[in-house]
Novice: 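Handing you this structure, nothing more for now.
Note on naming: letters A, B, ... go to the chains in the order of the sequence lines (proteins, then strands), and numbering restarts at 1 for each one.
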Number of protein chains: 2
Amino acid sequence: MRRNTTQRTAIEQVFSQHERPLGVDEVLTYGRKLVESLNQATVYRNLKILIDDGWLKRIFHPSLGALYERTGKGHHHHFYCHECHRVFEIPGCALREDEAAPDGFVVEDHEIFLFGVCPSCAG
Amino acid sequence: MRRNTTQRTAIEQVFSQHERPLGVDEVLTYGRKLVESLNQATVYRNLKILIDDGWLKRIFHPSLGALYERTGKGHHHHFYCHECHRVFEIPGCALREDEAAPDGFVVEDHEIFLFGVCPSCAG
DNA sequence: GAGGAAATGAAAATTGTTGGCAAAAGTAAA
DNA sequence: TTTACTTTTGCCAACAATTTTCATTTCCTC
Ligand SMILES: [Zn+2]
Ligand SMILES: [Zn+2]
Ligand SMILES: [Zn+2]
Ligand SMILES: [Zn+2]
């Protein structure tokens, strides 16, 4: 049976405190402010657990690699600014899902990554 | 100044011969049929060069990791069937690009991964 | 051809992630 | 509570993927 641990609680708090996709290193850094002894392997183990639980979701960024974000925040997508290298969450969806794939394909989910320049970098 | 090498030419040929996203290991395997001595580091180096040149594009597969595919094949996206674990190229685009991000964001490119069941698995 | 810069191959070094194990901590029954 | 049991942790070794180092080879220009 699954036990509650201060480590996993801390990791959950990290995601609650930062409302954006986080990398493993960020989870570790922020998590250590809550539980000083927090270990990297523990972070990996718990990220996996939280994904299995459906509490987290893993997304892939073309250059940043794996990022983790909370589920249940409503359908949204991501924008990567190649100037400041930040990932933004973009609410809503501009995909015409019914036209997304040819007949016969059953589309159950989709992931969209936008690339460009964010408002503050665009000046 | 950039020089033409038999190795890079071989790598380009590999992509021309296989019209689908390829992993590093596949590029190495197929490439060695053209240049026996082809080295893994050379593959990595040239994949990077070809991406910088805009000749290749890197995409991330949720479980296979990084894949490389030719650019200039027309705008398209990818579909991952969670039954047979195959990646399909989906021609065309169903994204309303003008509505994809809030005002201020300059969208220059986007990547879409569809998930679901392919026609042959859907029966 | 000769000279010089760039690219390659081989291996070491990094980086990212997972696995083993003894010790620590959570849970439930006594 | 305390005890007994099991999960989870921290540390570290083991992997895997990718990058770097460096001596040697190859390409290109003269
Ligand atoms: Zn920016
Ligand atoms: Zn959407
Ligand atoms: Zn299928
Ligand atoms: Zn598109």
Side-chain angles (χ1 to χ4, degrees), chain A residues 1-15 18 20-69 78 80 82 85 87 113, chain B residues 1-15 20-69 80 85 87:
Chain A
M1 148 263 303
R2 176 149 306 159
R3 295 176 179 175
N4 294 324
T5 67
T6 55
Q7 285 83 347
R8 185 176 321 118
T9 302
I11 290 170
E12 289 167 354
Q13 283 183 266
V14 167
F15 281 97
H18 301 84
R20 63 184 179 84
L22 300 174
V24 172
D25 53 327
E26 293 177 301
V27 176
L28 183 63
T29 302
Y30 297 135
R32 280 186 169 157
K33 293 180 180 172
L34 301 171
V35 178
E36 214 175 329
S37 67
L38 185 61
N39 188 276
Q40 208 171 24
T42 302
V43 171
Y44 276 104
R45 280 188 284 241
N46 279 295
L47 289 177
K48 190 176 294 179
I49 286 172
L50 291 170
I51 286 174
D52 288 344
D53 289 355
W55 200 85
L56 278 184
K57 184 178 177 182
R58 184 167 65 162
I59 61 175
F60 279 97
H61 182 279
S63 54
L64 299 178
L67 298 177
Y68 301 79
E69 70 174 5
H78 301 97
Y80 176 66
H82 64 237
H85 307 289
V87 175
F113 235 113
Chain B
M1 147 263 299
R2 175 151 303 157
R3 296 174 179 174
N4 293 323
T5 67
T6 54
Q7 285 84 348
R8 185 177 320 117
T9 302
I11 291 170
E12 289 168 353
Q13 283 183 266
V14 167
F15 280 97
R20 64 184 179 84
L22 299 173
V24 172
D25 53 327
E26 292 177 302
V27 176
L28 184 62
T29 302
Y30 296 134
R32 280 185 169 158
K33 293 180 180 173
L34 301 172
V35 177
E36 213 176 330
S37 67
L38 186 61
N39 188 278
Q40 207 171 25
T42 301
V43 171
Y44 276 106
R45 279 189 284 240
N46 279 295
L47 289 177
K48 189 176 294 178
I49 286 173
L50 291 170
I51 287 174
D52 287 346
D53 290 354
W55 200 87
L56 279 184
K57 185 177 177 182
R58 184 168 67 162
I59 61 175
F60 273 97
H61 183 283
S63 54
L64 299 179
L67 298 177
Y68 301 79
E69 70 174 4
Y80 177 66
H85 306 288
V87 176

Novice: Whole Å only: how far is the CG atom of B/N46 from the C1' atom of D/dT18?
Specialist: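 In whole Å, D/dT18 C1' lies 15 Å from B/N46 CG.
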Novice: To the nearest 0.5 Å, what is the distance between OH (B/Y68) and CG (B/N46)?
Specialist: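 It comes to 12.0 Å.
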Novice: Would you call B/R58 and B/L47 a side-chain contact if the rule is heavy atoms closer than 4.5 Å?
Specialist: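 B/R58 vs B/L47: side chains apart.
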Novice: Of A/L34, A/L28, A/V27, which meets side chain to side chain contact (heavy atoms under 4.5 Å, CB included) against A/I11?
Specialist: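 Result for side chain to side chain contact (heavy atoms under 4.5 Å, CB included) with A/I11: A/V27.
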Novice: Parallel, tilted or perpendicular for A/H18 and A/Y30, by the 30°/60° rule?
Specialist: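 A/H18 vs A/Y30 ring planes: parallel.
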Novice: Taking CG from A/L67 and P from C/dT17, how many angstroms apart are they, rounded to a whole number?
Specialist: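 Rounded to whole Å, this separation is 10 Å.
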Novice: Figure out the CG/C1' separation between A/L47 and D/dT8, and round it to whole Å.
Specialist: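 Between C1' of D/dT8 and CG of A/L47: 15 Å.
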Novice: Roughly how far, to the nearest 0.5 Å, is the CG atom of B/L67 from the CG atom of B/L22?
Specialist: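 Answer for the CG-CG pair, B/L22 versus B/L67, is 8.0 Å.
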Novice: Taking only side-chain N and O atoms of B/N39, does any of them lie within less than 4.0 angstrom of OP1 or OP2 on C/dA11?
Specialist: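 No.
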Novice: For B/Q40 and A/A66, take the nucleotide of DNA chain C holding the closest heavy atom to each; which residue's nucleotide lies nearer the 5' end?
Specialist: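 It is B/Q40 whose nearest nucleotide is closer to the 5' end.
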Novice: Give the rounded distance in Å between these two atoms: CG of A/L38 and P of C/dA24.
Specialist: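 From A/L38 CG to C/dA24 P: 18 Å.
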Novice: Examine D/dT19: is either OP1 or OP2 under 4.0 Å from a nitrogen or oxygen in the side chain of B/K48? Give yes or no.
Specialist: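 Checking D/dT19 against B/K48, a side-chain N or O does come within under 4.0 Å of OP1 or OP2.
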Novice: Does D/dT18 have OP1 or OP2 under 4.0 Å away from a side-chain N or O of B/Y44?
Specialist: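 Checking B/Y44 against D/dT18: at least one side-chain N or O falls below 4.0 Å of OP1 or OP2.
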Novice: Below 4.0 angstrom, which residues in residues 3-11 of chain A have at least one non-hydrogen atom near DNA chain C?
Specialist: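 Heavy-atom cutoff 4.0 Å gives A/R3, A/N4.
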Novice: Does some side-chain heavy atom of A/T42 sit less than 4.5 Å from a side-chain heavy atom of A/R45?
Specialist: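 With C-beta onward as the side chain, the pair touches.
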Novice: So if I take every side-chain heavy atom of B/R45 and compare against D/dT9, C/dG9, C/dT18, which nucleotide ends up nearest?
Specialist: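 It is C/dG9.
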Novice: Scan A/R2 against the nucleic acid and name what it touches under 4.0 Å (heavy atoms): base, sugar-phosphate only, or nothing.
Specialist: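 The answer is sugar-phosphate, as A/R2 gets under 4.0 Å only of primed atoms, P, OP1 or OP2.
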Novice: What is the separation between atom CD on B/E36 and atom P on C/dT8, rounded to the nearest whole Å?
Specialist: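 Between P of C/dT8 and CD of B/E36: 17 Å.
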Novice: When all nucleic acid strands are considered with a 4.0 Å heavy-atom cut-off, which category describes A/D25: base, sugar-phosphate, or nothing?
Specialist: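 The residue A/D25 makes no contact with any strand.
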Novice: Taking the side chain as everything from C-beta on, heavy atoms only, tell me whether B/R8 gets closer than 4.5 Å to B/L50.
Specialist: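 Counting from C-beta outward, B/R8 and B/L50 do come under 4.5 Å.
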